[in-house]
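Since the model is a prediction, treat every value here as computed from it, not as a measurement.
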Amino acid sequence: MPRLSFGAWVEDAVDWLQSNLTWIFDAIKTVLGGMYDGVNAVLGGGEPLLLAGIFAVIAFWLRGVIPAVLTFAGFALIDSLALWDEAMATLSLVVVAAVITIVIAVPTGIWAARNNRVSAALRPVLDVMQTMPAFVYLIPGVMFFGVGVTPGVIATIVFAMPPGVRMTELGIRQVDGELVEAAEAFGTTPKHTLTRVQLPLALPTIMAGINQVIMLALSMVVIGGMAGAGGLGEKVYAAITQLQVGLAAESGIAVVILAMYLDRMTGALNERVSPLGRRAAAKVAAGARRLKFTHYKPGTAVAMTGVVVLALVAGGLNIAGSGDSKAEEAGSANVGQGQKINMGYIPWDEGIASTFLWKEILEQRGYETGITQLDAGPLYSGVARGDIDFQTDSWLPTTHKDYWDKYSGQLEDLGSWYGPTSLELTVPSYVEGIDSLEDLKGQGKKFNGKIIGIEASAGMMGTLNKKVLKEYGLEGEYEVVSSSTSSMLAELNASIKKKEPVVVTLWSPHWAYGKHDLKKLKDPKGAWGKGEEVHTVAHKGFAKKAPAVAKWLKDFELSEKQLTSLENEIQNAGQGQEQDGVRTWLEKNPGLVDKLAPVPGGAGGSQQGKDAGKTVDMGYFPWDEAIASTYLWQNMLEDRGYKTTVKQLDPGPLYTGLAQGQLDVQFDSWLPTTHKDYWDRYKENLTDLGSWYGPTSLELSVPSYVKGIDSLEDLKGQGKKFNGKIIGIESSAGMMGTLNKKVLKEYGLEGEYEVVSSSTSSMLAELNRSIKKKEPVVVTLWSPHWAYGKHDLKKLKDPKGAWGKGEQIHTVAKKDFAKDFPELTGWLRDFELSEAQLASLEVEIQKGGAGKEKESARRWMDANPDVVAELAPVGG
């Protein structure tokens, strides 16, 4: 029989869907993510014990006193295990998935009950959904939606759907046919027959189906932890992969408590909503003779009042608590200002160590962090999609080569922070005669024919199977056992205790070499390849999203001694306490956070200047370099303890305000040409603090697609092509006077061209519109300007030198500025920006948009953390 390439067809279909229907997947992800965030904000935002009280009140309403007490005790136990946030995240996933499943399943079951063809068509579909291994659902979820909440919810919906549909259909079909016929005989419409006869009688069976939907949703949500769905599933997955028995037991208990609560409450809900259930509950209550109070259940109004009161108290405490945290945050080196950074890691020791190190550093710098443990495949996929911002454990160029080759177009390599490494097979030192990979040949029985490996997705496992075994003739004699890093280490530890021979995959550096007496098997044929570097890899565009973090990561390095000591500290801290281990390590390495993540002005975010507290009144006119330099200095001065005001004015009022002392300083005087008239008029009442950028140039520019126009001389006789117009800027700008009085006259363009005075923004809008339509246009521009980076433009040559020589951009202040601000005067006299610095600052401000100039300048400063110390030094 020829091989049926069913899997290849599926992969082709998936590729097509990914290429053509991404917008649908993004929309679904947005909706589901929003639903989850909303539910989680409610469940995870309050005081744990008050929320436990709310759950207890619900249990009291549905089940009685004893279940209420047990509910409170169970959720209090979850809180005491420090798993409250994870439990609420899991509960949020269950709620979202269950609600969506029920909304789809119940109507579908009703449809199947009333239409035999629909029932027959659904049956095989439900069979596949119910019998397909649950893990399979995660694969398309991750491929279409990335890692995180959405694939977990989607997989849960698919997995939990069948019992909801089947039980709804079964319940309606089991309603006595004679009752249905009687209803129809009395003239009841099909709609009312369903709602008044079939559904009420089928409700116990439907509720049983809903109960099963919720329980299956809970079981699948835990499996969803493998795809980064978070919650208790992530804890259980971490416990499995790292062989943490204690964490597994604690997480398992929390899952059991949630499962029991959801099972008992959904089961009891039938008694409240079903007439048959209420009748049965009334009989039980009536038959109770002793301890009647244990069967007491409050009315709905009473229970609702209790829930509302507890919810209001929890909300009030949450608001009060958030105020305290904001106050605390304001006093820290708050570079991140609450920006969310998502990190992922493979459960390898250097990955755990470096990830939790950066989690602690980023939180100290004011960022909010998310952290997810994943296998290598989902991790690289998640980073490539942007669901995860970066991961610090890419072994390149060998171990993770396949993943890098697959996703490199969507990734940014932020550089190596450790290396070179080495991959190896290792045996305990008591194993005699095995010192090289060559010595393994013919010794398979000694090791039971097994080499204990790590995760099958790890690149070194591929190298071992495809190259190392083949190179040394070990194929067939040895089986490479895929497990996990923690399982491999557990097997190594167990074998050493029993003094049994064992051969395992290991790598350097690794703390196991410090704990055990091991031999690295020599590789005379070089099958493992050369040593690698451990890289930090981020998604495309991460440097724009978080420039400060990207720069820190590019400069990140740890020595072998530092990494080994950090790994040992985390090992000593124990399971689930990785960040505590990092904090202990940082206490033993003072100053390291400031070295790895420097902030403006050093530790604490800023240092006070000598004139801190004084107010500096700054003005600017809306040219890009003026906006950029003004808001840069506003941020820097506030970092140094100054107070600031900023006003936008035209050049005339701005120079007048400086000369009269109403303003202190402005940063955009183009001298000696553009602003010559203003300088000549007011120079007796001004102070020139020197040039900070130059030389500049003024020019007329056209798009590159305008052929035959390369010089100002080429404009003559071409007026009709440009509708006789040159698009200018503010009429008050000096360059407009130069254009009208000198340039047009020098090149004989008077009468043929009209210079249209507008504004800088209007000129740029006209340029952008013309380029989109591929229309000829000639505009006034100057260098430097970000438009040259955005558009393909030609600067028209000026062979006659009509524009004059290039200028310098000066800082000009009021006359007594040096007396009023001696410290700031020194800073401004030394102020300089390179063309690259100014261009990148202007681009950042353009990207931020109008009204966000100050925040955009701050982002640029974050990406250039030494700029404040360089431009506004204090101390020393």
Side-chain angles (χ1 to χ4, degrees), residues 44 48 77-89 225 230-232 234-254 321 324-325 328-329 331-333 336 340-374 391-393 417-418 485-486 489 509-512 514-515 552 556 558-559 561-597 603:
L77 176 60
I78 291 176
D79 185 36
S80 69
L81 293 173
L83 293 172
W84 182 265
D85 291 338
E86 290 79 5
M88 293 304 101
L232 294 172
E234 184 177 5
K235 288 292 184 180
V236 172
Y237 176 54
I240 293 170
T241 56
Q242 299 176 35
L243 214 67
Q244 297 180 356
V245 179
L247 179 61
E250 292 174 354
S251 305
I253 287 293
D324 294 339
S325 65
E328 181 180 346
E329 180 181 287
S332 66
K340 181 70 178 288
I341 301 292
N342 294 312
M343 295 174 283
Y345 69 96
I346 310 163
W348 294 359
D349 293 286
E350 72 285 345
I352 294 170
S354 54
T355 302
F356 280 95
L357 171 62
W358 276 106
K359 175 178 171 64
E360 176 63 21
I361 291 173
L362 291 177
E363 288 176 355
Q364 288 191 26
R365 289 294 182 254
Y367 291 87
E368 181 185 345
T369 63
I371 191 167
T372 307
Q373 176 189 320
L374 294 164
Q391 64 104 345
T392 56
D393 203 23
W417 61 270
Y418 182 89
T485 303
S486 55
L489 292 169
H510 197 285
W511 57 265
K515 182 176 180 180
W552 295 338
F556 174 42
L558 285 183
S559 66
K561 182 179 179 181
Q562 287 174 317
L563 178 56
T564 303
S565 62
L566 174 57
E567 289 179 348
N568 285 331
E569 205 64 62
I570 289 175
Q571 287 288 319
N572 294 335
Q575 52 188 257
Q577 305 299 320
E578 293 87 356
Q579 199 162 356
D580 291 336
V582 168
R583 293 184 183 121
T584 302
W585 184 76
L586 288 173
E587 289 173 3
K588 296 178 180 179
N589 293 269
L592 189 61
V593 172
D594 293 326
K595 181 180 178 182
L596 296 179

Self-check item: Trp417 (side chain) donor-acceptor with Thr392 (main chain) under 3.5 angstrom
Solution: yes
Quiz item: About how many Å separate CD of Glu250 and CD1 of Ile78, when rounded to the nearest 0.5 Å?
Solution: 12.0 Å
Practice problem: Locate the shortest heavy-atom distance separating Gln562 from Leu558; write the atom from each residue and the value. | Solution: OE1-CA, 3.4 Å
Quiz prompt | ring pair (Phe, Tyr, Trp, His ring centres under 6.0 Å) partners for Tyr418, two or more places apart | solution = none
Self-check item: Atom pair CG/CD1 of Leu596 and Ile361 - distance to nearest 0.5 Å
Solution: 4.5 Å
Quiz item: So which heavy atom on Lys340 is nearest to which on Thr369, and how close?
Solution: CE-C, 3.7 Å
Self-check item: With sequence neighbours excluded, residues passing ring pair (Phe, Tyr, Trp, His ring centres under 6.0 Å) with Trp358
Solution: Phe556
Practice problem: With the side chain counted from C-beta on, respond yes when Trp585 and Ile570 share a heavy-atom pair under 4.5 Å apart, and no when they do not. | Solution: no
Quiz item: If you round to the nearest 0.5 Å, how far is CD of Glu368 from CG of Leu362?
Solution: 11.5 Å
Quiz item: Between CG of Leu563 and OG of Ser354, what distance do you get to the nearest 0.5 Å?
Solution: 7.5 Å
Quiz item: Should Arg583 and Glu587 be marked as a salt bridge (charged side-chain N to carboxylate O under 4.0 Å, His left out) after you check the CA-CA gap, both sets of side-chain angles, and the distance that decides it?
Solution: CA-CA 6 Å; Arg583 293 184 183 121; Glu587 289 173 3; over 6 Å; no
Quiz item: What pair of heavy atoms forms the shortest contact from Arg365 to Trp552, and how long is it?
Solution: CG-CH2, 3.7 Å
Exercise. Ignoring hydrogens and angles, state whether a donor on the side chain of Glu360 or Gln364 is under 3.5 Å from an acceptor on the partner side chain.
Key: yes
Practice problem: For residues Asn342 and Thr372, determine if any side-chain heavy atom of one lies less than 4.5 Å from a side-chain heavy atom of the other. | Solution: no
Practice problem: State the CE-CD1 distance between Met343 and Ile371, to the nearest 0.5 angstrom. | Solution: 5.0 Å
Quiz item: So, for Gln391 and Gly344, which heavy atoms are closest and what is the spacing to 0.1 Å?
Solution: CB-O, 3.2 Å
Exercise. Examine the side chains of Glu569 and Thr584 and answer whether a donor and an acceptor come within less than 3.5 Å of each other.
Key: no
Quiz prompt | More than 12 heavy atoms from other groups under 6.0 Å of NZ on Lys595 | solution = no
Practice problem: Locate the shortest heavy-atom distance separating Leu489 from Ala512; write the atom from each residue and the value. | Solution: CD2-CB, 4.2 Å
Quiz item: So, Glu350 side chain and Asp393 main chain: donor-acceptor pair closer than 3.5 Å or not?
Solution: no
Practice problem: Working to the nearest 0.5 Å, report the span between CD of Glu578 and OH of Tyr345. | Solution: 6.0 Å
Quiz item: Out of Asp349, Thr485, Thr564, which one pairs with His510 under the side-chain hydrogen bond (donor to acceptor under 3.5 Å, both in side chains) rule?
Solution: Asp349
